[in-house]
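A short write-up of the structure that comes next.
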Amino acid sequence: MNYWLVKSEPSTWSWDQQVARGAKGEAWTGVRNHAAKLNMMRMKKGDRAFFYHSNEGKEIVGIAEIIKEHYPDPTDASGKFVCVDIKAEKPLKSPVTLELLKHDRRFAKMALIKLSRLSVQPVTADEWKAICKLGGL
DNA sequence: GCCAACGTTGGC
DNA sequence: GCCAACGTTGGC
């Protein structure tokens, strides 16, 4: 299984809204960046992704599961970009903030720290485990 | 195909 | 609200 991190501004699409969608999940649309697109194309059904709130909160709030692999983004008229479907799996017991990650050397290589604008990014198994632990899981 | 101008993201 | 980083666009 591979691990990922996806970002959303809570004012646009929040973890609570994701949870409210339940098992049917929601299409993760609107990504218009090729690096992020390539990451989405590498996602497999059953992969897990951290759900990060950018701008407001700036913290990882939950874990989502990829339930449908990439297909053309219906919100993209050009047809060049893709989306995947994800569903909320479970929240972190305590959110893990960007502040915390920045001050822990284990996460210094994460795209979240180094490439702050990349909205869909890979997470290593080690990073995944460490963040789950920090989040109380 | 280069590069300046411009737009967007997202932390601060 | 500012600005750094970085992606995209368009003139040449």
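Per chain, numbering begins at 1; letters A, B, ... match sequence-line order.
When the side-chain nitrogen and oxygen atoms of A/K7 are compared with OP1 and OP2 of B/dG10, one or more of them lie within a distance under 4.0 Å. Contact between the side-chain N/O atoms of A/Y52 and the OP1/OP2 oxygens of B/dG11 is found at a separation under 4.0 Å.
Applying the 3.5 Å distance criterion, the base of B/dT8 shares no donor-acceptor pair with the side chain of A/R32.
Using bins of under 30°, 30° to 60° and over 60° for the plane-to-plane angle, the ring pair A/F51/A/W15 lands in the perpendicular bin.
Atom pair A/K58:NZ and B/dG11:P shows a separation of 6 Å (rounding to whole Å applied). To the nearest angstrom, C1' of B/dT9 lies 16 Å from CD1 of A/I113. A straight line from CD of A/E56 to C1' of B/dG10 spans 12 Å, rounded to a whole angstrom. Going from atom NE2 of A/H103 over to atom P of B/dG11 covers 15 Å, rounded to whole Å. One interatomic measurement links the two molecules: CG of A/L100 to C1' of B/dG11, which rounds to 16 Å at whole-angstrom precision.
Among C/dC6, B/dG11, C/dT8, the nucleotide with an atom closest to any side-chain atom of A/H34 is C/dT8.
Contact of the A/Y3 side chain with the A/E127 side chain is not registered, since no non-hydrogen atoms from C-beta on lie closer than 4.5 Å.
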Go through it in stages, so that I can follow the logic: the residues are A/S78 and A/R32, the test is side chain to side chain donor-acceptor pair (under 3.5 Å), and I'd like the CA-CA distance, side-chain angles, deciding distance and then a yes or no. CA-CA 11 Å; A/S78 77; A/R32 297 290 183 272; over 6 Å; no
